[in-house]
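Throughout, residue positions are numbered sequentially from 1 according to the sequence presented.
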Amino acid sequence: MKRRVVVTGLGAVTPIGNTVEEFWSGIREGKVGIGEITRFDTTDYKVKLAAEVKDFRAKDHMDVKAAKRMEPFAQYAVAAAKEAYEDAGLDIEKEDPYRAGVIVGSGIGSLETVEREYTKIQTRGPGKVHPLMVPLMISNMAAGNISIQLGFKGKCTNVVTACASGTNSIGDAFRAIQYNDADIMIAGGCESCICPTGVAGFTALTALSTSTDPMRASIPFDKDRDGFVLGEGAGVVVLEELEHAKARGAKIYAEVLGYGATGDAYHITSPAEDGGGAAKAMSLAMEEGGIKPYQVDYINAHGTSTHHNDLFETRAIHLAFGEAAKDVVINSTKSMIGHLLGAAGGVEFITCVKSIQEGFIHQTMGTKDVDDKECDLNYAVDGPVEKEVHYALTNSLGFGGHNATLLLKKYEG
């Protein structure tokens with residue numbers, strides 16, 4: 001028997017707020033966290049905009065020594081994890097630490113470390129490289145540092161599936177609890193690579209928007225979409241076995257009901273053109289949850305604002321939902337916070353949880369003229385939708401052909 005899994009804590013660091021409360025207030029207000037890049041001089045770059053985290057101070061979330069041993073992606077993850085832990089009302093001293101684990105992914109880790117230390121090699125020689133270069137750089141250090149900071153001694157891993165990392169991490173944590181590897185899991189994703197190498201690399205792929213208008217840069221499903229906007233941050237949640245949560249009197253936000261993960265076996269950057277892989281991930285999540293497509297109220301789409309993603313994800317929804325596709329409300333949180341890469345799935349999962357709690361589906365901001373010849377569904381472009389959300393799906397698609405979908409349900413006991 002698979003055990004039931006619920007969400008008991010939420011934590012976020014995003015371009016529109018550095019706590020869940022700030023983030024969700026920004027979502028409800030229709031705030032867009034995109035602006036001119038401040039981290040470096042973009043004079044020679046085609047891309048001028050990004051969705052940066054603002055006013056984040058690591059020392060507010062950890063001691064200075066610990067902060068110096070983490071790059072921003074890990075700092076964001078620790079800050080979000082601590083918020084989720086406190087929100088869940090957990091006390092690790094009262095738990096078996098080997099039954100509490102961490103799965104938090106990052107698509108890239110720290111490109112900033114690579115840039116900085118390679119420059120030292122070129123200008124000052126190899127002897128000047130920082131002794132902690134490797135642990136600062138590698139992507140598993142988000143999960144490792146969370147484990148150290150919170151005292152969680154159970155399963156501690158990270159998933160690296162590009163832009164699907166956060167969703168796959170939550171899915172794997174869900175499985176760990178279902179099959180009795182753990183009672184509590186910290187799970188989600190983090191990222192920080194708004195730096196010369198990151199922007200230049202994605203620009204060379206022609207993946208980024210070259211718009212200079214923050215309100216018309218990340219415009220999922222719009223006929224004028226021309227690429228995604230690079231974002232950063234972290235989205236981390238506490239998942240818990242239902243009876244364990246009830247026994248300690250935890251508040252329960254929602255229930256995780258299903259998880260689907262597939263590979264396109266098609267192309268290193270483009271989703272499968274027929275949407276087959278993403279459709280199967282959605283179908284697997286719904287099948288595990290024991291529901292039919294017509295029961296899904298809301299889909300938080302991957303919705304990157306690239307031509308291929310938005311078209312092929314739309315095809316995938318048609319494939320998975322059939323006639324029910326026209327009735328489901330779809331939006332893209334990336335229209336407000338850009339594409340957080342490995343962190344996207346974590347933050348978008350939190351968006352689904354809050355939407356279930358409050359019956360509020362945010363507008364896909366910036367999108368004005370839907371590409372209705374190819375993108376012909378309800379993308380919530382005319383304003384937010386207020387309706388009861390019993391079931392929500394969240395999709396993440398990653399370079400390499402990774403597809404991941406999670407199904408959440410309003411908790412009803």
Side-chain angles (χ1 to χ4, degrees), residues 3-14 17 19-28 79-91 95 100-104 150 166-167 169-178 182-189 233-259 285 288-289 291 296-300 331 333 343-362 386-394 396 405-413:
R3 306 194 307 165
R4 289 173 67 184
V5 180
V6 293
V7 184
T8 58
L10 307 173
V13 175
T14 78
T19 64
V20 170
E21 183 179 0
E22 289 175 3
F23 164 68
W24 188 246
S25 292
I27 288 287
R28 291 200 68 117
K82 285 188 170 181
E83 183 187 8
Y85 175 86
E86 290 167 10
D87 184 42
L90 284 167
D91 181 355
E95 304 290 342
V102 182
I103 304 180
V104 173
L150 296 180
T167 300
S169 293
I170 295 172
D172 284 4
F174 169 60
R175 288 278 184 264
I177 296 171
Q178 278 184 313
D183 297 319
I184 305 164
M185 293 295 295
I186 294 272
V236 178
V237 299
V238 174
L239 301 185
E240 199 165 343
E241 191 271 326
L242 174 60
E243 296 306 320
H244 184 279
K246 286 163 66 176
R248 66 179 191 86
K251 67 178 178 294
I252 294 173
Y253 284 109
E255 184 169 2
V256 187
L257 213 58
Y259 171 46
E288 181 177 18
I291 69 164
V296 176
D297 302 291
Y298 165 46
I299 299 172
N300 188 295
N331 68 5
T333 306
V347 174
E348 290 158 13
F349 182 93
I350 290 168
T351 303
C352 288
V353 171
K354 297 296 286 184
S355 295
I356 287 170
Q357 277 223 307
E358 299 191 10
F360 179 89
I361 299 170
H362 72 74
E386 298 205 25
K387 64 174 288 187
E388 194 163 0
V389 179
H390 293 281
Y391 297 98
L393 280 179
T394 179
S396 293
T405 298
L406 289 160
L407 170 64
L408 293 96
K409 178 190 177 185
K410 181 187 285 283
Y411 176 68
E412 295 167 341

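Side-chain contact between Thr333 and Ile27: present, with at least one pair of heavy atoms (C-beta onward) separated by less than 4.5 Å. The shortest distance between side-chain heavy atoms of Arg28 and Lys354 does not fall below 4.5 Å.
Nearest heavy atoms, Val238 versus Tyr85: CG2-N, 4.1 Å. Closest non-hydrogen pair, Ser396 versus Glu348, comes out as OG-OE1, 4.5 Å. When every heavy atom of Thr394 is checked against every heavy atom of Cys352, the shortest pair comes out as CB-SG, 3.8 Å. Of all heavy-atom pairs between Val13 and Ala79, the closest is CG2-CB, 4.1 Å. The shortest heavy-atom contact between Val256 and Phe174 is O-CE1, 3.3 Å. The minimum heavy-atom distance between Gly345 and Thr167, with the atom names listed, is CA-OG1, 3.2 Å.
With hydrogens and angles left out, the side-chain atoms of Tyr253 and Asp87 include a donor and acceptor closer than 3.5 Å. Counting only N and O atoms by type, the side chains of His362 and Asn331 include a donor and acceptor under 3.5 Å apart. Counted by atom type alone, Thr8 and Glu240 present one or more donor-acceptor pairs between their side chains at under 3.5 Å.
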Step by step, would you call Arg248 with Glu243 a salt bridge (charged side-chain N to carboxylate O under 4.0 Å, His left out)?
CA-CA 9 Å; Arg248 66 179 191 86; Glu243 296 306 320; over 6 Å; no
Derivation and outcome, side chain to side chain contact (heavy atoms under 4.5 Å, CB included), residues Val7 and Glu255:
CA-CA 6 Å; Val7 184; Glu255 184 169 2; over 6 Å; no
Give the C-alpha distance, both sets of side-chain angles, the deciding distance and a yes or no for salt bridge (charged side-chain N to carboxylate O under 4.0 Å, His left out) between Glu241 and Arg4.
CA-CA 6 Å; Glu241 191 271 326; Arg4 289 173 67 184; over 6 Å; no
With side chain to side chain contact (heavy atoms under 4.5 Å, CB included) as the test, would you mind laying out the steps for Val237 and Val353 before giving the verdict?
CA-CA 10 Å; Val237 299; Val353 171; 5.9 Å; no
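Interatomic distance, CG of Asp297 versus CG of Leu393, reported as 10.0 Å (0.5 Å rounding). Note that the CZ atom of Arg3 and the CD1 atom of Ile177 stand 7.5 Å from one another [nearest 0.5 Å]. Atoms CD and OG, on Glu386 and Ser355 in that order, are 11.0 Å from each other to the nearest 0.5 Å. Between Phe23 atom CZ and Ile350 atom CD1 the span is 7.0 Å, to the nearest 0.5 Å. For the atom pair Thr19 OG1 and Leu10 CG, the distance stands at 11.0 Å (nearest 0.5 Å). The CG atom of Asp183 sits 5.0 Å away from the NE2 atom of His244 when rounded to the nearest 0.5 Å.
A distance-only check finds no donor-acceptor pair linking the side chain of Glu95 to the backbone of Ala100 [under 3.5 Å].
Geometrically, Arg175 does not engage Tyr259 in a cation-pi contact defined by less than 6.0 Å to the ring centre and at most 45° from the axis.
Every residue two or more places apart in sequence or in another chain that forms a side chain to side chain contact (heavy atoms under 4.5 Å, CB included) with Ala173 is listed here: Ile103, Met185, Ala187, Leu239. Legend: residues meeting side-chain hydrogen bond (donor to acceptor under 3.5 Å, both in side chains) with Tyr391, ordered by chain and number and at least two apart, are absent.
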For residues 405-413, tabulate all N or O donor-acceptor pairs below 3.5 Å that involve a side-chain atom, not counting sequence neighbours.
| residue | atom | partner | partner atom | Å |
| --- | --- | --- | --- | --- |
| Thr405 | OG1 | Asn395 | OD1 | 2.8 |
| Lys410 | NZ | Ile356 | O | 3.2 |

